[in-house]
Amino acid sequence: MTKIRSVVLGCGSYLPEQVVTNAQLAARIDTSDEWIVQRTGIRERHIAADGEFTSHLAIKAAQAALADAGVDAQSIDLIVLATSTPDNTFPATAVAVQHALGINHGAAFDLQAVCSGFVFALATADNFLRSGAFKRALVIGAETFSRILDWNDRGTCVLFGDGAGAVVLDAQEQPGKAATDRGVVTTHLRSDGRHKAKLFVDGGPSSTQTVGHLRMEGREVFKHAVGMITDVIVDAFEATGLNADSIDWFVPHQANKRIIDASAHKLHIAPEKVVLTVDRHGNTSAASIPLALSVARKDGRIKRGDMVLLEAMGGGFTWGSALVRW
């Protein structure tokens, strides 16, 4: 029996021009390149320029994804933008992207699930496409985390960077077999608000009327991360009958190399199947997975027909997984 699947037509990304290395940070705060690399795997990150907003990054990533897909912006009738750093409290940054692309039909909205945002946005768009409500979607992850960092806090400011990535999804009829269908095969989302205090921003329009800064209990986040990540991946395998051997590429949220390595090891995913960009990008939150997808697509690793496993965990806590056949 055939099924409608959300097939990836193309992907694109954008990184701000300014690069900040670990050595540059070490000249400003009490840290070192060795300390950062050993604990995180990060060597550099991109930082948005003055006057360069989340919407600007998202627009460029969306344009790159449309070009890669070879489709016109007017064919898009849904935009879901995952971000924790919107241009404004409202309206949604997604409508700025919609306007910049010359689209004045369909729907555009933001989604907030912090570092899990792209997986949540992908699942949301997938459900809309499979329901028949929309036909073609732009799913974007875009962040300017540099705007919510305390640059005197060496435990957090070394971890994050700015960037954006996007994919174009198209509703297409497939044979209905999870093992061979192209597109989004399954998604699994979770959240647990008991862990809010472990990773949050100490500000907001309702509580403090300020933006605030990111605060994190790093050891606590690390302690929960591997278990939560593998939990939703096991769910994906059980839902589809697939396993680690079925995966061509593992594209995790790029938060910390030690978390990524531990997760892959626990799931028996070979290191050569893991896409890593954390060393060059840092943690770009909702943008990290589509940025990594774009890198692996451009360098020829991810090819049509490959089974790609995505996973992420973020503040809330939120966490999720997706299986996508390219």
Side-chain angles (χ1 to χ4, degrees), residues 1-12 65-66 68-71 75-78 80 116 118-139 165-190 229-253 263-264 266-275 289-290 292-312 319-326:
M1 191 170 179
T2 61
K3 285 187 176 182
I4 298 297
R5 300 280 194 194
S6 303
V7 175
V8 180
L9 298 184
C11 65
L66 289 167
D68 184 56
V71 301
S75 69
I76 300 295
D77 56 1
L78 175 65
V80 185
S116 305
F118 183 78
V119 174
F120 274 59
L122 187 76
T124 300
D126 174 51
N127 278 283
F128 273 122
L129 294 184
R130 288 191 295 107
S131 75
F134 298 96
K135 298 297 183 183
R136 186 170 286 171
L138 260 174
V139 180
V167 298
V168 177
L169 297 181
D170 189 55
Q172 295 184 10
E173 195 172 87
Q174 295 289 312
K177 297 179 180 179
T180 56
D181 281 2
R182 286 188 68 206
V184 179
V185 177
T186 190
T187 59
H188 297 267
L189 309 179
R190 302 281 187 275
I229 288 166
T230 54
D231 166 56
V232 285
I233 292 174
V234 169
D235 286 350
F237 288 160
E238 290 179 351
T240 59
L242 302 175
N243 55 43
D245 292 335
S246 311
I247 303 304
D248 295 297
W249 298 105
F250 178 38
V251 186
H253 166 50
S263 301
K266 187 173 180 179
L267 292 161
H268 306 291
I269 297 174
E272 58 269 21
K273 292 184 176 182
V274 181
V275 176
I289 288 176
L293 283 172
S294 185
V295 168
R297 185 74 181 102
K298 286 177 181 175
D299 66 23
R301 278 180 287 176
I302 295 178
K303 301 176 292 294
R304 179 170 173 145
D306 284 353
M307 182 61 80
V308 182
L309 171 62
L310 314 178
E311 63 78 11
W319 64 104
S321 68
L323 279 171
V324 183
R325 186 168 298 278
W326 211 258

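For the single chain, residues carry numbers from 1 onward in sequence order.
Residues satisfying the side-chain contact (heavy atoms from CB on, under 4.5 Å) criterion with T240, sequence neighbours excluded, are A178, V185, T186, L242, L323.
Between the side chain of D306 and the backbone N or O of W326 there is no donor-acceptor pair closer than 3.5 Å. The main-chain N or O of K3 is never found under 3.5 Å from a side-chain atom of R130 such that the two would form a donor-acceptor pair. Using a distance-only test at 3.5 Å, with no hydrogens or angles considered, a donor-acceptor pair links the side chain of D77 to the main chain of K135. K273 contributes a side-chain N or O that, together with a main-chain N or O of I247, makes up a donor-acceptor pair within less than 3.5 Å.
Among D170, D126, T187, N127, the one residue that satisfies the side chain to side chain donor-acceptor pair (under 3.5 Å) test with S6 is D126. Between L189 and the options T124, V119, D235, a side chain to side chain contact (heavy atoms under 4.5 Å, CB included) holds for only V119.
Of all non-hydrogen atoms in G320 and V232, the two that sit nearest each other are C-CG2, 3.7 Å. Listed here is the closest heavy atom pair of V139 and A125: CG2-CB, 3.5 Å. In terms of heavy atoms, W319 sits closest to F120 at O-CE1, 3.7 Å. Nearest heavy atom pair, residue R301 against residue V274, reads NH1-O, 4.5 Å. Of all heavy-atom pairs between F134 and A171, the closest is O-CB, 4.4 Å. Minimum interatomic distance between L122 and A322 (heavy atoms only, all atoms of both residues): CD2-CB, 3.8 Å.
Between L78 and L138, the closest side-chain pair of non-hydrogen atoms is not below 4.5 Å. Between I76 and L66 the shortest side-chain heavy-atom distance falls below 4.5 Å. Taking 4.5 Å as the limit, some side-chain heavy atom of L169 sits within range of a side-chain heavy atom of V8. For the pair I229/H253, no side-chain contact is recorded, criterion being any heavy-atom separation below 4.5 Å from C-beta on.
To the nearest 0.5 angstrom, N243 atom CG is 11.0 Å from L267 atom CG. Here the straight-line distance linking atom CZ of R297 with atom SG of C11 works out to 6.5 Å at 0.5 Å rounding. Put simply, CD1 on I269 and CZ on F250 are 5.0 Å apart, with the number rounded to the nearest 0.5 Å.
No more than 12 heavy atoms of other residues, nucleotides or ligands sit less than 6.0 Å from atom NZ of K177.
The salt bridge (Lys or Arg N to Asp or Glu O under 4.0 Å) contacts involving residues 179-188 comprise R5-D181, where partners must be two or more places apart or lie in separate chains. The salt bridge (Lys or Arg N to Asp or Glu O under 4.0 Å) pairs that include a residue from residues 238-248 number zero, where partners must be two or more places apart or lie in different chains.
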(request) Quick one: do V308 and V275 satisfy side chain to side chain contact (heavy atoms under 4.5 Å, CB included)? Show the steps, please. (result) CA-CA 10 Å; V308 182; V275 176; over 6 Å; no

